[in-house]
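Letters A, B, ... are given to chains in the order of the sequence lines, protein chains preceding strands, and every chain is numbered from 1.
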Protein chains: 4
Amino acid sequence: MRTSAGGTGRDGTRLRADARRNRELIIAAARELIAERGPDVPMEEIARAAGVGVGTLYRRFPDRESLLVAVAGDNYRRVAAEVRNFVREGHGAWHTLRSFLSHASDVRLSLRLAFFSERTFSMLKHDAEARRSRDELLATLERLVRDAQTEGSMRTDVGAGDVVVLIGLFFDPARRARLPLAVPDDRYLMLMFDALHSGNATPLPGPPLGTDVLVRQLATDDDASPTPQGEPSPDHRP
Amino acid sequence: MRTSAGGTGRDGTRLRADARRNRELIIAAARELIAERGPDVPMEEIARAAGVGVGTLYRRFPDRESLLVAVAGDNYRRVAAEVRNFVREGHGAWHTLRSFLSHASDVRLSLRLAFFSERTFSMLKHDAEARRSRDELLATLERLVRDAQTEGSMRTDVGAGDVVVLIGLFFDPARRARLPLAVPDDRYLMLMFDALHSGNATPLPGPPLGTDVLVRQLATDDDASPTPQGEPSPDHRP
Amino acid sequence: MRTSAGGTGRDGTRLRADARRNRELIIAAARELIAERGPDVPMEEIARAAGVGVGTLYRRFPDRESLLVAVAGDNYRRVAAEVRNFVREGHGAWHTLRSFLSHASDVRLSLRLAFFSERTFSMLKHDAEARRSRDELLATLERLVRDAQTEGSMRTDVGAGDVVVLIGLFFDPARRARLPLAVPDDRYLMLMFDALHSGNATPLPGPPLGTDVLVRQLATDDDASPTPQGEPSPDHRP
Amino acid sequence: MRTSAGGTGRDGTRLRADARRNRELIIAAARELIAERGPDVPMEEIARAAGVGVGTLYRRFPDRESLLVAVAGDNYRRVAAEVRNFVREGHGAWHTLRSFLSHASDVRLSLRLAFFSERTFSMLKHDAEARRSRDELLATLERLVRDAQTEGSMRTDVGAGDVVVLIGLFFDPARRARLPLAVPDDRYLMLMFDALHSGNATPLPGPPLGTDVLVRQLATDDDASPTPQGEPSPDHRP
DNA sequence: AATGAATGAGATTTCATTCAT
DNA sequence: TATGAATGAAATCTCATTCAT
């Protein structure tokens, strides 16, 4: 049984064991460096951190964008399980949402990665599994938001898309690195939650932003068909 | 008696008319491009946008940092008058603070510019007038925050420094440009205000952040006189 | 057992064959051009002369200084063997000294290269092998001078350091290139030797200049061990 | 009575008093800076040192070469009187030659300046007075050398041209600046004299080099007629 | 398949020289 | 006429990407 997770080449053929290992090393190094220094770190440094040559990196990922896509996809996968666990616990939607976004820095990275650039986003469409993971993540987020709103603990004029935007704006490591200040993430995360909590009556301009809007907004120019072609391996975990 | 605003060379001598005009064109172009694409836009593009040669740009500003400083300084000056007007109106501190930060996009740019890099910040110290403007801006912010807290409309576990950080994190045009979404600034500004409004009881980690902390944190190596006038951050805890 | 001469990267690892060849082409081109036009020839020209792109040059030598160091180091190595041969012959120290400096233009280039700039010199300290070669060269020079003085054929109020300075002043190709004259090196080399010959009684201001002085004068900031082996300048005053 | 000394424009018209003053300030500043840092000092620095704008400098001297020519010419004139004095004293030709070259740093600068570049040299041909001063200087040098040789104190296989070459090679301030060593000029000047002193029997390759050779060698490509055209003001000091 | 060398297109900065004020 | 501002052609160096080993 072939799992597709990060283990297939462009044409769907199985990668050699060492090749797959390199692929993973590269993605891990890239995630680290990107999280630390933003999406513009020199390719050579990523290669060095991964312990491979640039050539290898480029053989695996023909350009920077496709590496970003891979990192994003990988991250979604990493997050997928975590997501389910968080939800299972059942401490109330609002609390779950908070701890979900507070503790899982991978989640935050995931939410940011999809929106690094149009091309990153649009390429994501061609990796069916990553897209599926992403959609699961977004669906979970949607559900948590909806439940929290039903509970009455979250204001109803915001949507899951707003949460994604907030995360995307807030947690930019490049920006943070540039701020010559040691500001604690937590403090501003808390403020963000307070902003989202119900009891804040200021009416917001515009309707709640759903994640569907985010996704749709990016899927206009390219092909509209949901999963057009090049789905390397349709079979995935049950 | 003329003030020197924008019209003096490094040594304080008056610039020739055409030179001053170019200087202003450059700063305007730089502000525009920086606001649009962040502080790393090619110098050549800035020059082109200003309608001058690179050489001219470099004659006026020997390196990128000094251009950033100039843009920051200029922006502070542009903001200074506006600041006073806003305050004069007197519709209550909270309302004033909101409209102050909501309407003046220059204010937001100013608050961000000071913290682009340590060197930008530190060079700013040597431009007395820009520093004065900055300090006036920060002092105003401090006052508004304090008053709003006294009014009971703003939570007391945040400080003016927190506002600056939030602005700095939120309104990064480079980041925005990268987001392939047309997100309305207003919406998130509102959320930010709601986060800052009183009635949000979640205790924040850490003490309120004053602007003095921001300024002091960056002023270690150089001159010791922290903030010549415009006392930012008197005590304001409840 | 291979020596690493010219064939190792910065970290001592073996270079690939083609890289080593390029490295050598670059050094050769640089030596040529530097000898012809001084240490300021455009990097791009050096690259062109070597038949490579600038990028290659910069990959090998991250900046101009490090290229100069490499050329110096290489030159020392080239000279090292020659030095021993000259000395072996044994026609009397004075004669040896003369032919040593007369025939080997590489020797002269070497003696000049170490003193192009403080940074060149100081970086040289970190290339152990080049330093060893340099020290061997200087030690040989010291010995020849001392022996010639013992023989009675060389004035005793000069030292090997003086010889280096004279070479350094005389054989500046940039200077020569600028002189719109075809002056024969030999002629002035001969005059220099006559100046150094004994029987010239004019007392010189200052003590004989040893090469140790040259070396020490430049070795203040960095490591304290002055000259690992190849003892330049034992006492040699009459 | 119009004296031509530095006081005429390109077309021979008398310069306004302030213009002449500027011309002199520029030349003085240029001499200083050139002597200190070689013939490549930025034009703007020369202008600044002279207390004028670059525009003024360029109005006076259309390019760098012509400034060098002017500095050379001026220097010759400054030296001319000195030359006569030195000779008048009459302490023996050898002694005179030594003190002549030892004490008058202007003399040394003059001897170097003529040979900075072909164009410098060739342009000199168009400034009749400077050429005359130069020729006087060279003639004096020739005479001193000849007399010293007649006295028996100077070797006869060298000529005044050799002396010029030696000076030209030795006293390059740019070179000296680069040497990270404080070497005393005197010491090497003394050595040079010892080289030139009789009693040094090593036969030199080639014939004595006369200054005529220097001059002739540079006058081939251009026009051969001694003072072709454009002698701005033939009348000069009686 | 892996490596890392080579490439060349920018980006920054300097400075000789021209030109508007 | 004096000024110094404007220009643009180098020169240095970096890095994404391609290609030989």
**Prompt:** Among F:dG8, E:dG8, F:dT7, which is the nearest nucleotide to the side chain of B:Val52?
**Reply:** F:dT7

**Nucleotide F:dA2, atom P - distance to CG of D:Leu25 in whole Å** = 12 Å

**Prompt:** Which listed nucleotide (E:dT12, F:dA5, E:dA16) is nearest to the side chain of B:Pro42?
**Reply:** E:dT12

**Complete:** Under a 3.5 Å limit on both distances, the Watson-Crick or wobble mate of E:dA20 is F:dT3

**Asked** Are B:Phe61 and B:Met43 side-chain neighbours, meaning at least one heavy-atom pair lies under 4.5 Å?
**Response** no

**Request:** Report the base-pairing partner of E:dA1 (Watson-Crick or G-U wobble, both distances below 3.5 angstrom), or none.
**Result:** none

**Asked** If only side-chain N and O atoms of D:Arg60 are considered, is one of them under 4.0 Å from the OP1 or OP2 phosphate oxygen of F:dA2?
**Response** yes

**Request:** Return the value, rounded to whole Å, for the distance between atom CE of B:Met43 and atom P of E:dG10.
**Result:** 19 Å

**Item:** Between P of E:dT17 and CG of D:Leu67, the distance in whole Å
**Value:** 11 Å

**Item:** Rounded distance (Å) that lies between atom P of F:dC13 and atom CZ of C:Arg64
**Value:** 7 Å

**Fill in**
In whole angstroms, the gap separating C1' of F:dA11 from CG of C:Asp63 amounts to 14 Å

**Prompt:** Can you check whether C:Tyr58 has a side-chain N or O nearer than 4.0 Å to OP1 or OP2 of F:dT14?
**Reply:** no

**Pair D:Arg31 + D:Glu36: basic N to acidic O under 4.0 Å** = no

**Prompt:** Taking the side chain from C:Arg60 and the backbone from C:Ile27, do they hold a donor-acceptor pair closer than 3.5 Å?
**Reply:** no

**Request:** Using atom CG of A:Asp40 as one end and atom P of E:dA11 as the other, report the distance to the nearest whole Å.
**Result:** 13 Å

**Asked** Reckon D:Asn22 has a side-chain N or O less than 4.0 Å from the OP1 or OP2 of F:dA2?
**Response** yes

**C:Arg59 side-chain N/O to E:dG4 phosphate OP1/OP2 under 4.0 Å** = no

**Asked** If you take all heavy atoms of C:Arg64 and C:Pro42, which pair is closest and at what distance?
**Response** NH2-CA, 4.1 Å

**Prompt:** Could you give the CZ-to-P distance, from D:Arg20 to F:dT1, as a whole number of Å?
**Reply:** 14 Å

**Message:** So if I take every side-chain heavy atom of C:Glu44 and compare against E:dT12, F:dT12, E:dA5, which nucleotide ends up nearest?
**Reply:** F:dT12

**Item:** Gap between atoms CZ and P, on B:Arg48 and E:dG10 respectively (whole Å)
**Value:** 12 Å

**Prompt:** Do D:Leu68 and D:Ile34 have side-chain heavy atoms sitting under 4.5 Å apart?
**Reply:** yes

**Message:** I want to check one thing: is the phosphate of F:dA5, taken as OP1 and OP2, less than 4.0 Å away from some side-chain N or O of B:Thr56?
**Reply:** no

